[in-house]
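Please read the structure below before turning to the comments.
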Amino acid sequence: MDDLTVFSDPRALAEGAAALIAALAGEAVSERGRFTVALAGGNTPRPVYERLAARPHEDRVAWDRVEVFFGDERCVPPDDARSNYRLAQEALLDRVPLPPDNVHRIRGEEDPAAAARDYEQELRRCFGPASIPVFDLICLGMGDNGHTASLFPATPVLHESRRWAAPVYVQELAAWRVTLTAPVLNAAREVVFLVTGANKADMLRRVRTGPYTPDELPAQLIEPASGRVRWLVDAAAAGREDDGRPSRRRDDGDGRMKWSRDGQ
Ligand code: 6PG
């Protein structure tokens with residue numbers, strides 16, 4: 001099931017996303033005794049994590065039952081400004097009573113292949129050695145080129161079917177990354193995409209309603225076998241005009257948009 005919720009602005013999206021994550025955490029802990037979540041990197045999630053770390057949401061989460069992983073990581077040290085771990089640490093992890101052992105970062109300071117292997121071992125320790133890890137929630141962003149996590153267009157990792165984590169060299173960034181692979185992302189119970197900004201509007205429409213071309217638009221790979229995908233986007237990314245009405249773009253000929261009002 002794939003649904004889209006359009007929020008008026010990034011602040012409203014942060015509030016809605018934090019409330020959703022806290023609710024999913026509560027459900028997971030009551031049903032399975034813990035909440036396993038993989039956090040997204042980039043800029044969009046910061047206000048979401050900051051809201052989650054603040055009242056009322058912070059009080060609602062049993063942080064000692066939460067296991068935090070990462071959807072991907074830049075191959076930089078954990079204190080580097082580009083690090084997804086550092087983003088999460090500043091916006092969330094240092095603000096909530098999460099036991100340090102419950103944070104499972106990708107060791108960006110290591111050789112990429114070794115970091116991917118170590119991360120996969122960590123996943124096996126936490127989820128069990130045999131079956132593919134089934135996260136309660138995986139948060140994802142989407143780049144304006146259609147990538148998600150570090151599944152970038154035309155990279156071999158898009159076709160990885162065996163490994164749970166893999167190194168990827170991103171040509172356009174001239175940088176190494178480590179990412180969860182599509183099979184793990186698609187095994188999740190819940191996937192939430194967080195997308196804001198007018199610069200994402202065209203790509204959002206192509207990914208959601210355009211032809212299925214995952215090598216070009218890797219975010220299209222995310223189709224969990226039994227899990228649920230939700231898109232939490234702001235009006236700018238949804239291509240709405242200021243008054244909140246759907247804009248009718250004709251460049252793809254149909255202008256079809258599935259809308260739901262904020263939070264309904
Ligand atoms: C990363 C993310 C990446 C991100 C998108 C969107 O490490 O950068 O995992 O997939 O979610 O690039 O980034 P913004 O939120 O900064 O637009």
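All values below come from the heavy atoms of this structure, side chains included, with hydrogens, waters and symmetry mates left out. Count residues from 1 along the sequence. Order of listing sets the numbers, starting from 1, for every ligand and every atom in it.
- Closest of all the heavy-atom pairs between G141 and A40 is N-CB, 3.9 Å.
- Partners of D234 under the side chain to side chain donor-acceptor pair (under 3.5 Å) rule, at least two apart in sequence or in another chain, do not exist in this structure.
- Residues that satisfy the salt bridge (charged side-chain N to carboxylate O under 4.0 Å, His left out) test with R105, not counting sequence neighbours, are E109.
- Pairing each heavy atom of R177 with each of A149, the nearest pair is NH1-O, 4.2 Å.
- The stretch residues 76-85 participates, sequence neighbours left out, in these salt bridge (Lys or Arg N to Asp or Glu O under 4.0 Å) pairs: D80-R82.
- Contacts of ligand 1 (protein heavy-atom distance under 4.0 Å) are G41, G42, N43, T44, D72, R74, N84, G141, M142, G143, H147, T148, A149, R177, K200.
- For the pair R125 and F69, the NZ or CZ position fails the cation-pi test of under 6.0 Å to the six-membered ring centre and within 45 degrees of the ring normal.
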